[in-house]
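Remember, it's 1-based here, ligands and their atoms both numbered in the order they're listed. Because only heavy atoms are used, hydrogens play no part in the values below, and waters and symmetry mates are left out as well, while side chains stay in. Counting begins at 1 with the first residue of the sequence.
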Amino acid sequence: MKVLVIGSGGREHALVWKLRQSNRVERVYCAPGNGGICAAAECVASDLHSLDSMLEAAHRIQPDLTVVGPEGPLSLGVVDEFRRRGLRIFGPTASAARLESSKSFAKEFMYRHRIPTARYAICDSADDVRKNLDQFTGHIVVKADGLAAGKGVVIARNREEAVAAATDMLTGKMVGEAGARVVLEEFLEGDELSFLVLSDGERVTPLVAAQDHKRVGDGDTGPNTGGMGAYCPAPLATPELLDTIDREVLVSTVHAMKRGRRPFRGVLYAGIMVTPQGPRVLEYNCRFGDPETQPLLMRLRTDLLDLLDAAVDERLDEFEGKLEWDPRPAVCVVMASGGYPGAYEKGLVVRGLAEAARLPDVKVFHAGTRLEGDRVLTDGGRVLGVTALGETLADAQRRAYEAVACISF
Ligand code: AMP
Ligand code: GLY
């Protein structure tokens, strides 16, 4: 089979790496890929903001299956367009991906279907915001409604900060169009968990519970980023807790989406806050997490193509209780450009990759890199996802940092 992966980050490098291990895969293509992916797959130029550009890539390649990495193409309707043209594709339609592309849609959906989440108010103007603030005490979470690549959430310490953040969003100053509507939310305290499942529209196959590090600094400090690292399995995720999240959140969501005529096929990722009152949904993602996918796929032993095929063909029941995992935990450490998530330099030479690659049970996934001749150059904020398996989480962490120490840019 020919498989096309859409995207250009660490998650897509991990997908390409894992798909290549399938016996049934003859060739893997990636649109547009990055410096590391181009060594493992055939990269084709593509503009992920343009449906025509992605369709054109598929037209040239004629893939037997396309796998979509990021949320942008999903919300544009890449799955709808490919299916209309008879191209098999893994991922939710634009209307199912609303769970991620509109926070107000997601909140109203959860409220209607009694899926546990923080109290909220949806606001279209600064006046709305002021009127609704009385419902909240203490910290208030202000979120842009639309897709904002992890930059649309502000945790305000008081009313003034909440009004200021909401105003920056509503006027387009902070995240453009994505902030034309905002959601205010009660601040929840607890530990965060990323729970990823596969769905074929009807059934739910749990993949993994992971934790990611959102803030840029050590000790969970500094601004939110797209994710500085991740590990799985998460010790916090007891079987009882996972069972509760599976039933109360993921199965309920998939069934309600089906009843609402937006069947969800693809990866559903619930960002959960584990509070003393139980798990609460912070957000839905309609795709594999980045960087959660890197440690997840290091541990997955089941053939990924078989799994994705089953989700597309609505026969995930074949995999019930049958997923195989490496029992060892995995840790991914993201190496980012100096200055990220603010301004940073690009085009620096990355050294030490060959040395890191020689370490056992370590895989360096590329995120923001590009090739120039035989040199690898930095090309984004998150540059590499250095991922390692270990006998324990601490051992996996030690191995990942051993590989990090080999690399410089
Ligand atoms: P989101 O994009 O909705 O996942 O939000 C990004 C991050 O903001 C989350 O990973 C949390 O760390 C934090 N966050 C979001 N919503 C809340 C909330 N209601 N209470 C506390 N923290 C939150
Ligand atoms: N790791 C966060 C995300 O994928 O959205």
Problem - Shortest protein contact, atom 4 (O) of ligand 2 (heavy atom only) - result: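 Protein heavy atom at minimum distance: Asp290 N, 2.9 Å.
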
Exercise for the section: Starting from atom 5 (O) of ligand 2, find the nearest protein heavy-atom neighbour and note its residue, name and distance. Expected result: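 Going by distance alone, atom 5 (O) of ligand 2 is nearest to Arg287 NH2, 2.8 Å.
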
Problem - Value rounded to 0.5 Å, distance of CG in Asp127 from NZ in Lys131 - result: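 Output value for this atom pair is 5.5 Å.
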
Exercise for the section: Name the orientation class of the two ring planes belonging to Trp17 and Phe365 (parallel below 30°, tilted from 30 to 60°, perpendicular beyond 60°). Expected result: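 Trp17 and Phe365: perpendicular rings.
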
Element-labelled atoms of ligand 2 that are located less than 4.0 Å from some non-hydrogen atom of [X]:
X	answer
Tyr269	1 (N), 2 (C), 3 (C), 4 (O)
Gly289	4 (O)
Asp212	1 (N), 2 (C)
Asn285	5 (O)
Lys214	2 (C)
Glu292	1 (N), 2 (C), 4 (O)

Exercise for the section: Say whether Glu292 and Ser194, considering side chains only, have a donor N or O and an acceptor N or O under 3.5 Å apart. Expected result: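 Looking only at side-chain atoms, Ser194 and Glu292 do form a donor-acceptor pair, the distance falling under 3.5 Å.
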
Practice task
Answer yes if the side chains of Asp80 and Thr93 hold a donor-acceptor pair under 3.5 Å, and no otherwise.
Solution key: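 The answer is no; no qualifying pair exists.
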
Handout entry: Which residues share a salt bridge (charged side-chain N to carboxylate O under 4.0 Å, His left out) with Asp168, sequence neighbours left out
Key =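 Per chain and number, Asp168 pairs via salt bridge (charged side-chain N to carboxylate O under 4.0 Å, His left out) with Lys173.
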
So that I can tick it off, tell me whether [Y] and [X] are bridged by a salt bridge, with the cut-off set at under 4.0 angstrom between side-chain N and carboxylate O.
X	Y	answer
Asp134	Arg159	yes
Lys2	Asp64	no
Glu185	Lys107	yes

If you look at each N/O of ligand 1, which protein N/O atoms lie under 3.5 Å away, and at what distance?
from, atom 1, to, atom 2, distance (Å)
ligand 1, 2 (O), Lys103, NZ, 3.3
ligand 1, 2 (O), Glu283, OE1, 3.2
ligand 1, 3 (O), Lys103, NZ, 3.1
ligand 1, 3 (O), Lys143, NZ, 2.9
ligand 1, 4 (O), Glu283, OE1, 3.3
ligand 1, 4 (O), Glu283, OE2, 2.9
ligand 1, 10 (O), Glu192, OE1, 2.6
ligand 1, 10 (O), Glu192, OE2, 3.4
ligand 1, 12 (O), Glu192, OE2, 2.4
ligand 1, 16 (N), Lys143, NZ, 3.0
ligand 1, 19 (N), Glu185, OE1, 2.8
ligand 1, 19 (N), Glu186, O, 2.9
ligand 1, 20 (N), Leu188, N, 2.8

Exercise for the section: Enumerate the residue pairs fulfilling ring pair (Phe, Tyr, Trp, His ring centres under 6.0 Å) with a member in residues 145-180, sequence neighbours excluded, ordered by first and then second residue. Expected result: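 For residues 145-180, and leaving out neighbouring residues, there are no ring pair (Phe, Tyr, Trp, His ring centres under 6.0 Å) pairs at all.
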
Problem - All ring pair (Phe, Tyr, Trp, His ring centres under 6.0 Å) counterparts of Phe288, not counting sequence neighbours - result: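 Once residues adjacent in sequence are excluded, Phe288 has no partner under the ring pair (Phe, Tyr, Trp, His ring centres under 6.0 Å) criterion.
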
